Amino acid sequence: MKSYSPYLIAGHAAFVVFAFLAVWFAEERVLLIDSAYQLFYDINHESILINDNRFSMVLSQLLPWLLIKLHVSLRWLIVAYSASFVMLAYGCFLLTSYVLRQPRVAAVMVLTFLGMCSTFFHCISETFQLMFFAPMLYALAQYKLHNPHHRFLYWSALILAEAVTFFIHPVAIFFILYIIGLRVLECNRLRIDATSIVLFVALAAFATLRMLLGQSGHDESFVPTADTLRHALTHFFSLRSFNYFRTWFLIYLCPIVLWALTLVGYFRQRLWLRLAFVGLFFPAFFALSVIVYWQGDGSIGMERTYLPLYFFAGLPFFVDELPRLAGWRRWTVFGYFAVMLVIGFTRISMDIHIYANRLEEIKHIAAYGRDHGQHKLIVTRSTAEQLFRVNIWGLALESMLLTARDGADQTVTIYLEEDDFDRSNDDFYANPDVYMSVNWWKRWLVADLNPHYFSLPPQGYLELVKTEEGYRLAPLR
């Protein structure tokens with residue numbers, strides 16, 4: 001424990017900073033695409049939203065759900081929603097450090113802060129949560145049970161932890177396979193014990209259940225076809241996904257360095273099985289990520305794609321290699337770790353203005369609409385590009401959550417449409433009983449809004465147009 005105390009201290013400090021930022025900039029974190037959609041759904045249905053069979057999403061929604069039932073003000077709901085992800089991650093950190101007594105594994109969790117920047121503003125990110133669930137699962141799998149009579153209770157807890165990990169995101173299967181591999185390939189022999197068998201059998205059961213439940217269209221969209229696979233393999237180094245990695249190479253140099261140091265350690269100790277497993281798994285996962293996301297994505301999407309590299313490099317390093325380092329080598333690694341941690345939070349602070357300015361623009365538009373008696377607005381894609389640097393599908397719900405903080409009657413919705421949208425669709429745009437939500441589930445009823453939080457007047461939509469003087473409202477036809 002003592003040799004890992006600097007990392008634990010750094011971990012506690014990182015969580016303090018993280019919690020402060022998450023509370024202070026709660027609106028910037030929550031009022032963005034998926035997070036806004038989930039919170040808006042939870043408020044209106046006074047229930048918990050589970051998408052794409054990701055059942056572990058329940059955990060981060062428990063606190064907001066309870067507060068919604070109590071009709072706590074929307075301002076505090078937004079703060080609680082943002083903070084719930086911090087509390088969940090910190091709970092995993094404390095449990096791993098002090099209950100399971102695996103400080104070296106808890107240190108792996110802190111690596112997450114080195115690789116996140118845009119992910120901070122996408123607080124719902126399941127990959128971020130996975131970076132805490134998976135190390136905790138490994139720590140539990142390594143836990144030494146002193147009383148054999150507690151074995152059934154222990155295995156039940158292990159299966160529950162594996163279920164939480166597996167059902168947070170499809171990529172979790174690679175994390176669990178990696179954990180099983182590190183357990184089985186101990187030294188230069190296979191270690192097949194009851195815990196490893198339980199982990200593998202549970203994984204097979206969970207995978208079968210997921211297949212029976214079926215894949216969502218969202219998850220299926222990432223499965224490459226034969227043609228896209230051929231294209232990705234033949235143009236690997238020119239793919240957008242690889243170009244993103246190359247652009248931010250200095251950030252991803254950290255897991256690469258940890259991976260390389262671990263391989264050197266395995267080589268010196270002649271741990272050939274672990275050398276082969278870790279040596280191949282890390283680049284294989286990287287290559288798979290580049291291929292699956294070959295078309296690229298925004299900074300949020302690509303950052304969370306490569307975030308698991310910190311786990312795959314960090315876990316064997318902190319568990320196997322760091323204990324072997326002594327003196328200046330150990331402190332050199334910690335110094336590098338501390339510098340990268342500061343850089344990680346500095347990157348977050350440098351990007352805050354992008355999301356803050358976007359919310360300010362939404363406030364100005366909403367105030368303009370209210371001053372003219374209009375609470376239902378449409379902006380076209382070309383207009384939105386003039387108004388917002390971050391221009392994505394969640395604008396209608398984000399604007400409703402932001403404006404309703406000051407009272408339900410202050411609610412304004414701003415829906416994003418393509419430039420060539422059908423302006424003659426009166427059922428969508430002239431119907432006073434309807435408001436537009438998201439592009440895959442467009443038509444929602446005003447009557448279904450939770451009256452404790454939202455209210456829209458009986459009116460149709462007007463288009464907001466950007467002018468040199470500011471804005472103007474125009475009829476759709």
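For the single chain, residues carry numbers from 1 onward in sequence order. Source: prediction; values computed, not measured.
Ring pair F318/Y7: centre-to-centre distance below 6.0 Å. In this structure, the ring of F237 has its center less than 6.0 angstrom from the ring center of F242. Proximity of the aromatic rings of F166 and F175 is defined here by a centroid distance below 6.0 angstrom, and this criterion is not met. Between Y310 and Y306, the gap from one ring centroid to the other reaches at least 6.0 Å. F120 and F345 have their aromatic ring centers separated by at least 6.0 angstrom.
Taken to the nearest 0.5 Å, the CD1 atom of I256 stands 12.0 Å off from the CG atom of L261. Distance CH2/W65 to NE2/H45: 15.5 Å, rounded to 0.5 Å. Between the CD atom of E28 and the CG atom of D351 there is a distance of 12.0 Å, given to the nearest 0.5 Å. Going from atom CZ of F121 over to atom CD1 of I348 covers 6.5 Å, rounded to the nearest 0.5 Å. Taken from SG in C254 to CD1 in I343, the straight-line distance is 9.5 Å, to the nearest 0.5 Å. In this structure, CG on L397 lies 12.0 Å from CG on L32, to the nearest 0.5 angstrom.
Partners of K363 according to the side chain to side chain donor-acceptor pair (under 3.5 Å) rule, which considers only residues two or more places apart in sequence or in another chain, are E360. In this structure, the salt bridge (Lys or Arg N to Asp or Glu O under 4.0 Å) partners of R324, at least two apart in sequence or on a different chain, are E321.
In this structure a side-chain-to-backbone donor-acceptor pair under 3.5 Å is missing from S60 to S84. Using modelled atom types, no side-chain atom of R304 and backbone atom of F128 make a donor-acceptor pair closer than 3.5 Å. At distances below 3.5 Å, not a single donor-acceptor pair connects side-chain atoms of D52 with backbone N or O atoms of R54. In this structure a side-chain-to-backbone donor-acceptor pair under 3.5 Å is missing from E361 to F388. Remark: side-chain polar atoms of D34 are not paired, donor with acceptor, to backbone N or O of S125 under 3.5 angstrom. Put simply, the side chain of S399 gets close to the backbone of I414: a donor and an acceptor are under 3.5 Å apart. W259 places no side-chain N or O within 3.5 Å of a backbone atom of P316 that could act as its donor or acceptor partner. Remark: side-chain polar atoms of E303 are paired, donor with acceptor, to backbone N or O of S118 under 3.5 angstrom. Looking at S289, its side chain does come within 3.5 Å of a backbone N or O of F285 through a donor-acceptor pair. Side-chain N or O atoms of R347 include none that pairs as donor or acceptor with a backbone N or O of C117 at under 3.5 Å.
Around the CZ atom of F267, the shell of radius 6.0 Å holds no more than 12 heavy atoms that belong to other residues, nucleotides or ligands. Y154 OH: more than 12 foreign heavy atoms inside a 6.0 Å radius. More than 12 heavy-atom neighbours from other residues, nucleotides or ligands sit within 6.0 angstrom of CZ on R246. The environment of R268 atom CZ is sparse: at most 12 non-hydrogen atoms of other residues, nucleotides or ligands sit within 6.0 angstrom. Counted within 6.0 Å of CZ on R240, heavy atoms from surrounding residues, nucleotides or ligands total 12 or fewer; the atom is thus considered open. By the 6.0 Å contact criterion, CH2 on W444 is enclosed, its count of non-hydrogen atoms from other residues, nucleotides or ligands being greater than 12. Within 6.0 Å of the CH2 atom in W294, the count of heavy atoms belonging to other residues, nucleotides or ligands exceeds 12. Counting non-hydrogen atoms of other residues, nucleotides and ligands closer than 6.0 Å to CH2 of W24 gives a total of 12 or fewer.
With no hydrogens or angles considered, a side-chain donor-acceptor pair links S196 and R183 at under 3.5 Å. Looking at Y81 and Q38, their side chains do bring a donor and an acceptor atom within 3.5 Å of each other.
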Go through L145 and T195 one step at a time and tell me if the side chain to side chain contact (heavy atoms under 4.5 Å, CB included) criterion holds.
CA-CA 11 Å; L145 193 64; T195 299; over 6 Å; no
Between V99 and L94, does the side chain to side chain contact (heavy atoms under 4.5 Å, CB included) criterion hold? Intermediate values first, please.
CA-CA 7 Å; V99 177; L94 294 176; over 6 Å; no
Tell me, with the steps shown, if V278 and L182 meet side chain to side chain contact (heavy atoms under 4.5 Å, CB included).
CA-CA 8 Å; V278 175; L182 288 178; 3.9 Å; yes
List the steps, then state whether side chain to side chain contact (heavy atoms under 4.5 Å, CB included) holds for F18 with Y90.
CA-CA 10 Å; F18 183 40; Y90 193 45; over 6 Å; no
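The closest side-chain heavy-atom distance from L341 to L114 is below 4.5 Å. At a threshold of 4.5 Å between non-hydrogen side-chain atoms, the residues R104 and Q102 count as touching. A heavy-atom distance below 4.5 Å is found between the side chains of F317 and V333. Side-chain contact check for D320 versus Q269: every heavy-atom pair is 4.5 Å or farther apart. Residues Q129 and H169 have side chains not in contact (no heavy-atom distance under 4.5 Å, counting atoms from C-beta outward). Within the 4.5 Å cutoff, side-chain heavy atoms of F167 are placed close to those of L209. Side-chain contact check for L137 versus L158: some heavy-atom pair is nearer than 4.5 Å. Counting heavy atoms from C-beta on, the side chains of I291 and L233 come closer than 4.5 Å.
The side chain to side chain contact (heavy atoms under 4.5 Å, CB included) with F93 is formed by just one residue from the set L88, L8, V105, T112; it is L8.
Between W393 and Y37, the ring-plane angle classifies as perpendicular under the 30° and 60° cut-offs. Note: F15 and F113 have perpendicular aromatic rings, judged against thresholds of 30 and 60 degrees for the angle between ring planes. Relative ring orientation between F245 and Y252 is described as parallel, the plane-to-plane angle staying below 30° on a 0-90° scale split at 30° and 60°.
When all heavy atoms of M109 and T96 are compared, the closest pair comes out as CE-OG1, 3.1 Å. Between L140 and A161 the shortest heavy-atom distance is CD2-CB, 3.8 Å. Considering all non-hydrogen atoms of both residues, E27 and L402 come closest at OE1-CD1, 3.9 Å.
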